[in-house]
2 protein chains.
Amino acid sequence: MVMPASAVAVPESGVPGSMGDVRRSNLSLVLGRIAEAPPGVHPSRAQVAAATRLTKASVSSLVLDLLEAGLLREVGLNQQGRGRPSVGLELNPARSVMGMEINVDYISAGVTDLAGNLLVRETQERDNRSGGHVPVLAALAGLAAKVRAAAGDGGVQVLGGGLAVPGLVEPAAARVLTAPNLGWTNVDLDLGALLPDVPLGVELFNEANAAALAELRHRPDGASDFVFVSGEVGVGGGLVVGSELFTGPGGHAGEVGHVVVDPEGVRCSCGGTGCLETVSGQDAILAAAGIAAGSRTRSESIEALVQALHEGQPRALSAVERAGQYLGVALASTARVMNVGSLVLGGHFAVLDPWLRAPLLDSLERYAPGRFAPEQVGLSAVGQAGALLGAAGSVVRSLVDAPHRLQY
Amino acid sequence: MVMPASAVAVPESGVPGSMGDVRRSNLSLVLGRIAEAPPGVHPSRAQVAAATRLTKASVSSLVLDLLEAGLLREVGLNQQGRGRPSVGLELNPARSVMGMEINVDYISAGVTDLAGNLLVRETQERDNRSGGHVPVLAALAGLAAKVRAAAGDGGVQVLGGGLAVPGLVEPAAARVLTAPNLGWTNVDLDLGALLPDVPLGVELFNEANAAALAELRHRPDGASDFVFVSGEVGVGGGLVVGSELFTGPGGHAGEVGHVVVDPEGVRCSCGGTGCLETVSGQDAILAAAGIAAGSRTRSESIEALVQALHEGQPRALSAVERAGQYLGVALASTARVMNVGSLVLGGHFAVLDPWLRAPLLDSLERYAPGRFAPEQVGLSAVGQAGALLGAAGSVVRSLVDAPHRLQY
DNA sequence: GACGATTAGTTTATTGCCTGAACTATATGC
DNA sequence: GCATATAGTTCAGGCAATAAACTAATCGTC
């Protein structure tokens, strides 16, 4: 797992520290070390002790707690030359978390083990725009139950879940403030009903943020700082800084789609003017490319656009070129304000990359010269499953950060 | 990067927590409570215990350490009705830190006590653009020695210092990467020579960042999240998020001056195109207003501009109007990406506020509708002393965060 | 194949720090 | 002067990490 094993031997500010905090911090430190290990590598207590600089005695005691909590498992003996063979440690593969996603035209639920491997996943096509949120959640609860049962058949226990939604969310209140493409406003979600009786409960995430976290975990270059731009109906974003999601004071940072790229531009659905979304969002590109929605679904329209690009249709090409140029304007500004050095394109930006990339790079060079070599502009490594994987991974991560939550 | 500034003494990432961390954290917690108290209020051990939820026993022991370290002082008896009178606690007024500033045409040094009150300050006009950094630092060392001696005459000991510089800095390396307006590039500073033999050493800050921290401390509304825009020769910025400076992964976040506000705009000194600085920087405004630099100093030019505005000269008015509009574009984008809800104007933006404000607010409303009520757009509360106060305050803050650094 | 060297993991004594409860100190009010 | 109330200290108890000694298991070598 890619995460900074930050050993914070101390509670949030404002509350006194006591020795229990040290214990909790060190539990997290040890668990994090084991979670970080590459697949197939099973560190021993001694290795963890060396890596963390805790003593062998402390690690033994901490590992015992984690074994009892069911988070770790001992796995065989590692023989490494002389001396007593070590006992390998790994994340318990019988513990898992569920990731769920509600999008405009589908719902999806999947279970990953604590190492992030997707064990089961089911997607169900569904028009979620009509009928309000109640039936959507009911359908998702059914899908989740099904997936959970499948995992249970494999002997896997689900500890908690994460739900990703394309809109502004208030995670603490389990509330969706606004999800324009779903037509939801101030919707309170009964997350408990979605996945009953799980020890860690269910957390709520913004879709682009969740997807950004999934990228963080799966980036081949292991970048720990980047701007993720998710091109969906709206243009969303996730800011990853120091391997953490940056959500800002209000919790909704990363609205790259509403950076002003053309002060003289057109009105945006957000009420603003000249937002990136108005030139580089799916609808804007399709319209500029002259591809009518007609009776097509959105993904069919994108396919038609790709087809047109392959055919070299000038209108399609210039629409995408324009989108790339303006994307460069927004990302140059964002990257300079945040001082982030790499970019990850998701959604339709990834799909359109072959045509979008050159104008994007040119634009970046024009507006933020010398900052972005081509290799700093990457494509999504997880694709459409990003939101689901990110939501699940984030729940795992918060568990690794605070493993004591599972020891009663 | 300007200190992690988490309210607590956290060990380096990956280092095990031990009981010493608890002690350090609680020392900081207690000291922080006392530092937070309004001027004239001297909390007792019992009050601190109640506020922190530490036991009276722990607080007594922690306070003893802090007294011995010279950070706290007992002050008289508070009589509050029945019972044994309490002993007031306050930050030791005999301990202080020094703030220093190098700017284009002056150097400045001042001493504040730990509560942030400015005790002595001296400013010396000086052309720092010519002759390189060595004589500048020599002059500043002399000024600092003078100010330190003055403080010493008052019985005040200087514990450490902070230096603010208008440029990109690498605080850990005591290095100025680039300070365009000083003509410095990759300059290594001997900070120790600036203020010899202080227990906490001297830290380096970016000017706009330091000023932003000073605003944080002195804001009348107590806002803990804002974008500070410092209008100097360049347009700098400081992002304050959750009462912390946000410096980004590379340590140089907040370059509001290089947000693209006009993709079709002119070349910027940074190599980019259409940056805010190219339309709202001092030089840009003065040029647009038709005010020649001539033999004037920069501040004289600004005075001439204000004069022209008072006289209602159309060219000056429209130059400032344009600057305000574009400032709105940059701030709307920045505030949406960072999800920060209030703005603070410094430097010439504060000076020009009477003429700048209306177009700025209009522009904000146009590009980020419904986000910025007029009261969310404030003016600098500290003015020109901001960088100096911020540098000093930041040193105090890192001391409060980690008071054990003073107990040998 | 016994023995020393080597490495893994556990046990034990010690130390540091917080907690709670008992205790001392110093005021008010009747 | 005595009950009451509040501030602050002392002391025993417990938890968690550490260091060092100890047990466990394997390899290499004579």
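The basis for the numbers below is simple: all heavy atoms, side chains too, and nothing from hydrogens, waters or symmetry mates. Below, chain A is the first sequence line, B the second, and so on; all start at residue 1.
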Nearest to the side chain of [X] - [options]?
X	options	result
A:Ser60	C:dT10, C:dG9, C:dA27	C:dT10
B:Asn26	D:dA16, C:dC18, C:dG20	C:dC18
A:Ser86	C:dT11, C:dG9, C:dT19	C:dG9
B:Arg84	C:dT19, C:dT24, D:dA17	C:dT24
B:Leu54	C:dT19, D:dT18, D:dA16	C:dT19
B:Arg23	C:dC17, D:dT18, C:dT19	C:dC17

* **A:Thr55 vs D:dA17: side-chain N/O to OP1/OP2 distance below 4.0 Å** =>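 Result: no.
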
Please report the distance, rounded to the nearest Å, between [atom1] in [X] and [atom2] in [N].
X	N	atom1	atom2	value
B:Leu29	C:dC18	CG	C1'	13 Å
B:His404	C:dG16	NE2	C1'	16 Å
B:Leu62	D:dG8	CG	P	14 Å
A:Lys56	D:dA17	NZ	P	17 Å
A:Asp65	D:dC15	CG	P	13 Å
A:Leu27	D:dC15	CG	P	15 Å
B:Arg53	C:dC18	CZ	C1'	15 Å
B:Leu77	C:dA27	CG	P	7 Å

Hey, does the side chain of [X] reach the backbone of [Y] with a donor-acceptor pair shorter than 3.5 angstrom?
X	Y	answer
A:Asp113	A:Pro93	no
A:Glu215	A:Ala381	yes
A:Gln47	A:Ser44	yes
B:Asp225	B:Gly242	yes
A:Ser96	A:Gln157	yes
A:Ser28	A:Val400	yes

* Asked: Hey, which of B:Val202, B:Val198, B:Val395 is the one that makes side chain to side chain contact (heavy atoms under 4.5 Å, CB included) with B:Val97?
  ->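 Passing option: B:Val395.
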
Show me the protein contacts with nucleotides 28-30 of chain C, counting only N or O atoms at under 3.5 Å.
none

* To do: May I ask you to list the residues of residues 40-47 of chain B, by number, that have any heavy atom positioned under 4.0 Å from an atom of DNA chain D?
  =>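 By residue number: B:Ser44, B:Arg45, B:Ala46.
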
* Can you measure from NE2 (B:His404) to CG (B:Leu71) and round to the nearest 0.5 angstrom? =>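 The CG atom of B:Leu71 is 12.0 Å from NE2 of B:His404, to the nearest 0.5 Å.
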
* **Upstream residue (5' side of DNA chain C) when A:Gly88 and B:Ser61 are each assigned their closest nucleotide** =>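 Closer to the 5' end of DNA chain C: A:Gly88.
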
* Asked: Looking across every strand, which nucleic acid part, if any, lies under 4.0 Å from B:Val59 by heavy atom: base, sugar-phosphate, or nothing?
  ->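 Nothing: the residue B:Val59, judged by heavy atoms under 4.0 Å, touches no strand.
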
* Mind checking whether B:Leu62 and B:Arg23 have side chains closer than 4.5 Å, heavy atoms only? ->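 They are in side-chain contact.
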
* For A:Pro85 and A:Gly20, take the nucleotide of DNA chain D holding the closest heavy atom to each; which residue's nucleotide lies nearer the 5' end? ->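 The answer here is A:Gly20.
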
* Flag yes if more than 12 heavy atoms outside A:Asp153 fall under 6.0 Å of its CG atom; otherwise flag no. =>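 Yes, the 6.0 Å shell around CG holds more than 12 heavy atoms from other groups.
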
